[in-house]
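Shown next, in C-alpha cells, is the structure this report addresses.
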Number of protein chains: 2
Amino acid sequence: MSARRPTRQRAALARALEGSTQFSSAQELHARLRNEDTTVGLATVYRNLQAMASEGEVDVIRTPEGEALYRACSTHHHHHLVCRVCGKAVEVTGAGVEAWAERVSAEHGFSSVQHTVEIVGTCSDCS
Amino acid sequence: MSARRPTRQRAALARALEGSTQFSSAQELHARLRNEDTTVGLATVYRNLQAMASEGEVDVIRTPEGEALYRACSTHHHHHLVCRVCGKAVEVTGAGVEAWAERVSAEHGFSSVQHTVEIVGTCSDCS
DNA sequence: CGCCTAGTTGACAATCATTCTCATGTAATC
DNA sequence: GATTACATGAGAATGATTGTCAACTAGGCG
C-alpha cells in the first residue's frame, strides 16, 4: 500500500495507456514508447503494469493465446465486450450477472468469489 | 473436419482426462501419463488437447498466470465455478447470463458473439 | 544546497509453457 | 504385404514474462 514513487517511466506508461481505448499487450506498449521520445525498459513496463493492475488502475484480460492485455480503466466493477477483429473494447455492466454469480456460488457453498466475464464478438464496423 | 485416427496416445490422453473432474494443465497430464505405463510425447499431448478443444470435447480455461487448463466436458453450453484452493470445478448454467450477453452485444452492434464466464472462489471444503 | 537511503530502473540472462521441425512409426486401404 | 497419408516423439525454437544485479534517482535531512 506504500505510495509508489512517481517516475518518468511510470508517467510515460500511464500516458500510453490513457492514449488508447483498446487493450494493448505489454510488448505493444513497450514498442509504442520506444517509437516516441521516451525509452523505457521492457522489465519496467511489466513491473509497472503489474503494480498498476494490482492497484486496480488498469484492467487485464488474456487473449485466447494467453497473452496479457492491459487497458486504463475506470475503477467501478464492469466487464468487457471486445471486438475480435479490431480489438475495440466496450465496458459493460450487468447487475443481473453479478447477482447470478453470487447466487450460483452460494448454492454450491463457495465463498470469496470473484468472477470474470468476457464477451467476444465482431463489432458493427468490422462485420 | 476429417475423422482423426484413433491412436494409443490419443486414447491414453482421453482416459487421463476422463479420470479427473478437475482442470489439469497439459504439463500435468503429460506427467500423469508418464508416471503410468503409457509414454506420450509432450508435443502429442498439446496437439491432441488442441484438436479435442476445437472439436468441443474438452474445455479450456486459463489460470491468472496464463497457463491453459483442460478438462473433459459434456457438450452442452455451460460455465465453471472453480475452487481457487483445490481446483474443484462445478459446471453451472445460467440462462440469464446467456440472455444478458446477447442483449448487451446487440445493444452495441456486436455480432457472432461468444462469451466466457469464470467464477473463482473458495469451496466449502477449503474455506 | 549536498548527502544518504531506499525504491526504481534497464540490460540481459533465465524460465517456462507452448509450438515447430522433421525423421520415423503406424492405421487404413488396396 | 505394399502404399500412403496422417500421427508421433525428441529436441530445438519461440516468445512472453520474470529474475538478477549494478547503476540511477526521488525525497528527506542537515
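FYI, side chains are in, hydrogens and waters are out, and symmetry mates aren't considered; it's all heavy atoms of this structure. In what follows, chains carry the letters A, B, and so on, assigned in the order in which the sequence lines appear, proteins first and then strands, with residues in each chain numbered from 1.
Atom pair B:Gln9:CD and C:dT26:P shows a separation of 9 Å (rounding to whole Å applied). As rounded to whole Å, 14 Å separates atom C1' of C:dA17 from atom CG of B:Leu29. For the pair B:Tyr46 OH and C:dC20 P, the computed distance is 13 Å after rounding to whole Å. Between the C1' atom of C:dC16 and the CD atom of B:Glu28 lies a distance of 14 Å, rounded to the nearest Å. When the C1' atom of C:dA17 is taken as reference, atom CZ of A:Arg62 falls 12 Å away, rounded to whole Å.
Among the nucleotides C:dT18, D:dA5, D:dT17, the one closest to the side chain of B:Arg5 is D:dA5. The side chain of A:Gln50 sits closest to D:dT18 out of C:dT18, D:dT18, D:dT8. Closest to the side chain of B:Gln27, out of C:dA17, C:dT8, C:dC20, is C:dA17. Closest to the side chain of B:Arg10, from the set C:dG10, D:dA7, D:dT18, is D:dA7. Of the candidate nucleotides C:dA27, D:dT8, C:dC20, C:dC20 has the atom lying nearest to any side-chain atom of B:Ala43.
With hydrogens and angles left out, the side chain of B:Arg47 and the base of D:dG9 share a donor-acceptor pair within 3.5 Å.
If you find the closest nucleotide of DNA chain C to B:Arg8 and to B:Leu42, the one lying nearer the 5' end belongs to B:Leu42.
A:His79 and A:Glu98 form a side-chain donor-acceptor contact under 3.5 Å, judged by distance and modelled atom types alone.
A continuous path of hydrophobic side-chain contacts links A:Val104 to A:Val117 [ILVMFWY only; heavy atoms under 4.5 Å].
When each of B:Val40, B:Val58, B:Val45 is paired with B:Leu13, the side-chain contact (heavy atoms from CB on, under 4.5 Å) condition holds for B:Val45 and for no other.
Cluster note: B:Leu42 groups with B:Tyr46 through ILVMFWY side-chain heavy atoms spaced under 4.5 Å, whether in direct contact or through intervening members.
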